[in-house]
Structures are given as structure tokens and as C-alpha cells.
There are 2 protein chains.
Amino acid sequence: MSQTLSRALKILRFVASEPRRIGEIATFLGVHHSTALRLLHTLRDQGFVFELPDHRYRIGATVIRVGFQALEAIDLRSVARPFMVTLNEATQETIHLGTLEGDEVTYIDKVEAKHGVRMYSRIGAVAPLHSSGIAKSILAFLPGDERSRLLDGRDLTARTRHSITSIDALEEELAVARERGYAVDAEENEPGIHCIGAPIFNGTGHVEGSVSISAPMSRIKRDLLIGFAPALLDATTAVSKQLGWEP
Amino acid sequence: MSQTLSRALKILRFVASEPRRIGEIATFLGVHHSTALRLLHTLRDQGFVFELPDHRYRIGATVIRVGFQALEAIDLRSVARPFMVTLNEATQETIHLGTLEGDEVTYIDKVEAKHGVRMYSRIGAVAPLHSSGIAKSILAFLPGDERSRLLDGRDLTARTRHSITSIDALEEELAVARERGYAVDAEENEPGIHCIGAPIFNGTGHVEGSVSISAPMSRIKRDLLIGFAPALLDATTAVSKQLGWEP
DNA sequence: CATTTGTAGTGCGTAAGATGCACAGTCACG
DNA sequence: CGTGACTGTGCATCTTACGCACTACAAATG
């Protein structure tokens, strides 16, 4: 492992949320300011950070570009996009696309609701495996051994008072999801927000990602949300077929 | 400058376009494969690259997340401001920044001309969609369906005797603007005032806003105004790149 | 099946490169 | 003007990143 590189990567994450000064970054890393300065200058010279006129540093254009480039290289995203837009128009709610990357489910696309209440989500962010509809719908359809490996020893944090916090209860919930063909997040991830998610399969029948419909309970009751399930399944089935899946 | 960090950043740019193997990356960097391996493992452990099952590496979720996080924190105004100031100094004319908000283009920043004649504009004011250079340069580069939706049924008020008042004529004008890369307002919005405007794009290639140069015809003839177009395009390209856009 | 090939991964010694220090330069403020 | 805060530079030193040699593994081949 490279200590120098680790430090630089920590800088990138630190300046992502807001521009930072050299001294602040040096303190954050626990290094001398001249060390922080050299790392920042290297990052700046390759466009990974941008130095503002007041000597604060923010994320640079290269990170943004590299991130977009990588997103565009994800085939699932371009295949799913039109179906997500259709689903968004049919429901007027926020549609997410997620994919399993390593041990985490990551949001890789989103079509926003037409209404004012915004979902707490961000492209690139990790969706909690045990409490979000988008992640549960992937988890439910993974091969059993892979799912067990992911869940083994995992701490199921209670994100809300509705969250599932035991492996046994989660496995039961996932079995129900498999029967239904989609997973439900009943305020398990975020208070006042519920969600349904369904899996996308590829040509080998392996789960490749999932699409979800999220809505505030204040606007969409559970019955109405569940009423969107056929449309959701139509969309995910259509995407799956594009990926070579056969029912 | 940090050589180790430089190498790692080059890796990120190299794997952005497509997943790569360790050997390929080592060759690209001109280092031993164990050096490339160590850098990749550090990048992987912080989520900056993701190792595929076949040992190829692609960009990881952390880059995407950091990029989007930063993009949300980036204020178009603050990114564009320095370039607008430069353009104002080069032209001595009024520079505007506009952005599409809902169905209207709004002025969100301005750098005033050095001369006495002031432009009729105010930050926060709506720029007429069909007659101002700043709005037309956004309209021209919107996706076709979005532009059609905006124009559908819209009453094209004649603000001056030069104003375009039919949808067909406007669509033709916008097609020309797309060919050129910038839009022209030839006294369509205000008598005696002309203007050129060019779009700003974000990392998805979507138009995010526009910058315009406005001047009184009494001071700047049309030829001279058009002569500023390369400088305008330089400015908008620079802003676009900051937002992750790639030509 | 055994062998070969290609590649990822490991541990070591050492020298190259990263580090902190001391100082200089710049800017803003009283 | 002096002072303090901060960015930036050059140097000696020491720590860490490097390439090497080897191992382990998977896939291809005969």
C-alpha cells in the first residue's frame, strides 16, 4: 500500500464537500503543511483539484470528467435510461438505477420526481444493502452463497425505527421479495420514504442491477406505490431482455 | 511534486475510458508490474478503482461520488465569473451569464461594460427566450424534444421590428446557431442593441447555461461583434470543461 | 492427464523519493 | 509601518516505494 497515494486520495474526499485551505488539509491528514502543499500541487497540475484565487482547493474538472466518462462506459446505464424515463413519466416519482459493485450497491442513475420533495440520493453513493429497496432487490436475487457471503457478520444498522436489524428477518423479507418479484422498503431506509425495487438480469440469468421507484408517504400511499409494481416489472423485464436475459 | 501520486492519477485517467489489466497499466506507466499493482490496490481499497472478476480495473464508485458531490457544490456563477471578467476586459462590453430555470432563461450574473451605455438587464430578470442571444444560445442546444416542449404554443411577442415572431423562423435561426456554435440577437430584443451568446455544457453534454456579449450598435458594428465570437467560445469552452464537459 | 504460458501476488534489500524543518515571500490588518 | 497568517522553496535525512526474484494460480495446449 502506498501511504503517499492514500493521503492524496483522502484529500480528494475531503475537498469534495467544500473547498479547503492547505493548513486545514495538513491538519486533517496530520502532516506538515509543506507535505500537503506538494500533494495538492500534484493534484492541481493534473486537474484533480482546482485552486481558487483565495488559495482554497476544490475538486477539479478531471475528477468530474473521469467520473462521467466512467459512468458512460457502464452499459447498463444507457440501456436502462429510456425505460426509467418512461417509468418516471408514468409515476411522476423518482426512479433510481443501482448496481452491485464489490460488496456495495451503488446508485448509478436517477430520474427525478416532478414534485418538490427530493429524494436523499446521489449518483455514486452507496445504498444500504439491508434497508433500501434498490439494494434489497439485488440481494434477493443473488445466488444464495453470494448473498450469504455478503450478509455474513454484517451489522444491520437501524436507520429508522422500521429497519430490519436481524439477518434472519432480512432473509425472510428477501424470500418474500423473490416470490413477489420485487422488494419493498417500508420506511426502513429513511423516515417517511418508501420504495419498491426490482432486479435486472443479464444473459446468464445473473442479477446485474435494479430499478426502484421511491416516494414520500405523504404523497403516495403504500397501496398506490404497490400499484406501480407491474409497471416497474415491465421496465426491468424490458431492460433485462436488452441485456440478453430470457424469461 | 509527487511522482507516486502522479503515476496513480495517470492510472485513473487511463482506466476511465475502459477497464485495464495490471500489465497494461504497468506498460503504460513504464514501471514494474508490482509497482502498478501496489498503486492499484491502494486505489481499490479507497474505492477509486474497482477490480472486475477478470482482474481488469475500472473507475470505482468513489470517483463518481466525489465528482457529483463537487458538481453539486459548484456554483455556475463562481466558475464562470473569472472567464466573464477576462472576456469583459478583452471586449470592453457587457457580459451576461444566464441559465435555464424551469421554462425561462434567467440572468444570474453580469460584468458591466466599461463605457457609459448600460444594458437593459438585471440579475434575476428573465431573458426572452426567442429574442435574446443569451436565451437563444441555450434554446439552440437543448435536446430537440425539450426545445419543442418549451416553444410549443408559445407566443413570440415582437419586442422590436426585427424580432422573430414565428416558430418556424425561430427554429431555422436556432439551427444556424447550432451550426455556428453561437447565437446572434440582431436587435431582436432591444432596439439599437445586438448580442452574441454561446452555450455552456456540463459533463453529460447537456446545456447548463450561456454567456453573452451585448453592445450598442452605435459603438460596435456587427462585424466587430461577430469578431468577438472566438473569444466568447473560448470562455464558454473553458467554463464547460470545468463542469466536466469534454469536446 | 502433465506441461507450459501468462499473469497476479509476495517479500526483501536498498536507494530514490517523500518528508519535516527553517526560512523567505506575500497579503491583509491594525 | 510592523505583525501574523499563510503559501511557497530548498535542503538534509530517513522512510517508504521501488524493482527484483520468486511463488501461486488459472487457462490453454499437446
Side-chain angles (χ1 to χ4, degrees), chain A residues 1-62 70 101-103 143 145-146 149 203-204 206, chain B residues 1-60 62 70 78 81-82 85-86:
Chain A
M1 297 308 109
S2 162
Q3 181 176 241
T4 298
L5 175 55
S6 276
R7 284 178 173 152
L9 298 179
K10 284 188 172 91
I11 289 175
L12 288 177
R13 288 166 31 224
F14 191 49
V15 306
S17 54
E18 72 174 286
R20 307 281 186 175
R21 312 285 301 263
I22 289 165
E24 200 178 354
I25 291 162
T27 301
F28 172 71
L29 289 182
V31 299
H32 193 263
H33 82 261
S34 63
T35 299
L37 182 76
R38 271 188 297 260
L39 293 177
L40 280 163
H41 282 185
T42 306
L43 288 165
R44 182 198 60 194
D45 291 350
Q46 292 207 33
F48 280 77
V49 293
F50 180 74
E51 185 179 0
L52 298 167
D54 63 358
H55 289 296
R56 287 180 309 142
Y57 291 82
R58 66 161 167 79
I59 288 291
T62 304
E101 178 174 300
D103 290 352
D145 58 334
E146 208 172 328
R149 185 187 58 77
T204 65
H206 206 78
Chain B
M1 297 305 110
S2 164
Q3 180 175 242
T4 299
L5 176 53
S6 276
R7 283 178 174 156
L9 299 179
K10 285 187 171 87
I11 290 175
L12 287 177
R13 285 158 44 216
F14 190 50
V15 305
S17 54
E18 73 175 284
R20 308 280 188 175
R21 314 283 305 262
I22 288 166
E24 200 178 353
I25 291 163
T27 301
F28 172 70
L29 290 183
V31 299
H32 193 262
H33 81 265
S34 62
T35 299
L37 183 76
R38 270 190 298 266
L39 293 175
L40 280 162
H41 282 184
T42 306
L43 288 164
R44 182 197 61 194
D45 291 349
Q46 290 206 34
F48 280 77
V49 295
F50 177 67
E51 185 179 359
L52 297 166
D54 64 358
H55 288 294
R56 287 181 307 142
Y57 291 83
R58 65 162 169 81
I59 290 291
T62 304
S78 57
R81 184 79 191 182
V85 170
T86 301

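Note that the structure is a prediction, hence the values are computed from the model and not measured. Within every chain, numbering begins at 1; the chains are lettered A, B, ... in the order of the sequence lines, protein sequences first and strands thereafter.
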Checklist line | N/O donor-acceptor pair under 3.5 Å between A:S6 side chain and A:M1 backbone | finding: no
Margin query: A cation-pi test, strictly: NZ or CZ of A:R20 under 6.0 Å from the centre of the six-membered ring of A:F14 and no more than 45 degrees from its axis. Yes or no?
Written below: yes
Notebook entry, point to check: Using a cut-off of 4.0 Å between protein heavy atoms and nucleotide atoms, how would you tag nucleotides 3-11 of chain D 5' to 3' with B, S and -?
Noted result: ---SBBB--
Check: Hey, does the side chain of B:T42 reach the backbone of A:L5 with a donor-acceptor pair shorter than 3.5 angstrom?
Finding: no
Check: Between A:E24 and A:R21, is there a donor-acceptor pair closer than 3.5 Å when you use the side chain of the first and the backbone of the second?
Finding: yes
Item checked: Gap separating the CG atom of A:L12 from the CG atom of A:L40, nearest 0.5 angstrom -> 9.0 Å
Notebook entry, point to check: When the distance from CD1 of B:I11 to P of D:dA17 is rounded to whole Å, what number comes out?
Noted result: 14 Å
Next item on the list: Give a yes or no on whether the backbone of B:E51 and the side-chain of B:R44 come within a donor-acceptor separation of less than 3.5 Å.
Entry: no
Next item on the list: Look at the rings of A:H41 and A:Y57 and say which category their plane angle falls in: under 30° parallel, 30 to 60° tilted, over 60° perpendicular.
Entry: tilted
Check: With sugar-phosphate meaning primed atoms plus P, OP1 and OP2, does B:R7 contact a base, only sugar-phosphate, or nothing at under 4.0 Å between heavy atoms?
Finding: sugar-phosphate
Checklist line | D:dC18 phosphate, OP1 or OP2, under 4.0 Å from B:T4 side-chain N/O | finding: yes
Notebook entry, point to check: Going from OG on A:S17 to CD1 on A:I59, what distance comes out if it is rounded to the nearest 0.5 angstrom?
Noted result: 9.0 Å
Next item on the list: Heavy atoms of chain A, cut-off under 4.0 Å: which first and last nucleotide of DNA chain C, 5' to 3', fall inside that, if you could look?
Entry: C:dA18 to C:dC21
